[in-house]
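Structure first, commentary second.
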Amino acid sequence: MTGRGAVAMVGIAGAVVAGVLLLPSPATPGADSLTQGTQGPRHGAGGNSHVGVLVHNVEKACQTPRTPFCALSLAHSPYRPYNTANSAGRVWHHDLLQATCTVANGVTVTDENHKHTSIWIRITHHKEQFWLPGIRVHPDHLTQLTTVLPTCSP
């Protein structure tokens, strides 16, 4: 591996550990992922850039098993209650999703530790667009996502 390749691998590993992984846009094969992730979304909401985000389950007992009990729901809409009627799919702790934008004024969701947020992240899951409540992302990573991702257009 070349020196440049080793540096790139260390950078990618660091981003995965941090929880936010900047991915190149499918529209620009071979683009530098760091450049695409930091510049692409800022050049217009709804751009083709994606940012990787790791799902975070605050319940320690549910961070390893991939059981139905430990699944977290994605939603069809960030403006409807976060319940089974709005459920669009399941994800588990440390699943890597592709995020495209955020909204700050969705329905407020409270986690099992009684922390809450109204920030939602639009993600791609099985080639469909759904919503992940910001509370299902590590709090430090949510701050990074709201900085890197554009605001979703209405």
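Positions are given from 1, in the same order as the sequence printed here.
Nearest heavy-atom pair across Ala75 and Tyr82 is CB-CD1, 4.5 Å. Here the closest non-hydrogen pair linking Glu59 and Asn57 is N-OD1, 3.0 Å. Residues His76 and Trp131 approach most closely at O-CD1, 3.3 Å, considering heavy atoms. In plain terms, the two heavy atoms of Trp120 and Val109 that are nearest each other are CZ2-CG2, 3.5 Å. Nearest approach of Thr108 to His116, heavy atoms of both residues: CG2-CB, 3.8 Å. Closest non-hydrogen pair, Cys101 versus Thr151, comes out as CB-C, 4.1 Å.
Enclosure of atom CZ in Arg90 is not indicated, since only 12 or fewer non-hydrogen atoms of other residues, nucleotides or ligands lie within 6.0 angstrom.
With Ser118 contributing its side chain and Ala104 its backbone, the two residues share a donor-acceptor pair below 3.5 Å. Using modelled atom types, no side-chain atom of Asn86 and backbone atom of Asn83 make a donor-acceptor pair closer than 3.5 Å. When atom types are taken as modelled, the side chain of Asp111 and the backbone of Asn113 share a donor-acceptor pair closer than 3.5 angstrom. The backbone N or O of Ala85 sits less than 3.5 Å from a side-chain atom of Arg80, completing a donor-acceptor pair. The backbone N or O of Thr67 lies less than 3.5 Å from a partner atom in the side chain of Trp92, making a donor-acceptor pair.
Here the CD atom belonging to Glu128 is positioned 10.0 Å from the CD1 atom belonging to Ile123, to the nearest 0.5 angstrom. Taken from OG1 in Thr146 to NE2 in His141, the straight-line distance is 12.5 Å, to the nearest 0.5 Å. Separating the CD1 atom in Ile121 from the CG atom in Leu142 is a distance of 5.5 Å, to the nearest 0.5 Å. Annotation: the span from Ile119 atom CD1 to Leu132 atom CG amounts to 12.0 Å, rounded to 0.5 Å. Between Gln144 atom CD and His138 atom NE2 the span is 10.0 Å, to the nearest 0.5 Å.
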*asked:* Could you go through Val55 and Val137, starting from their C-alpha distance and side-chain angles, then the distance that decides it, and tell me whether this counts as side chain to side chain contact (heavy atoms under 4.5 Å, CB included)?
replied: CA-CA 5 Å; Val55 175; Val137 175; over 6 Å; no
*Stepwise, does the salt bridge (Lys or Arg N to Asp or Glu O under 4.0 Å) test hold for Arg136 with Glu112?*
CA-CA 10 Å; Arg136 299 306 186 192; Glu112 294 73 14; 2.9 Å; yes
*Dump the intermediate steps for side chain to side chain contact (heavy atoms under 4.5 Å, CB included) on Leu97 and Thr124, then the final yes or no.*
CA-CA 7 Å; Leu97 306 173; Thr124 302; over 6 Å; no
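At a threshold of 4.5 Å between side-chain heavy atoms, the hydrophobic network of Ile, Leu, Val, Met, Phe, Trp and Tyr places Phe130 and Ile135 in two separate groups.
Here His93 and His56 bring their ring centres to under 6.0 angstrom of each other.
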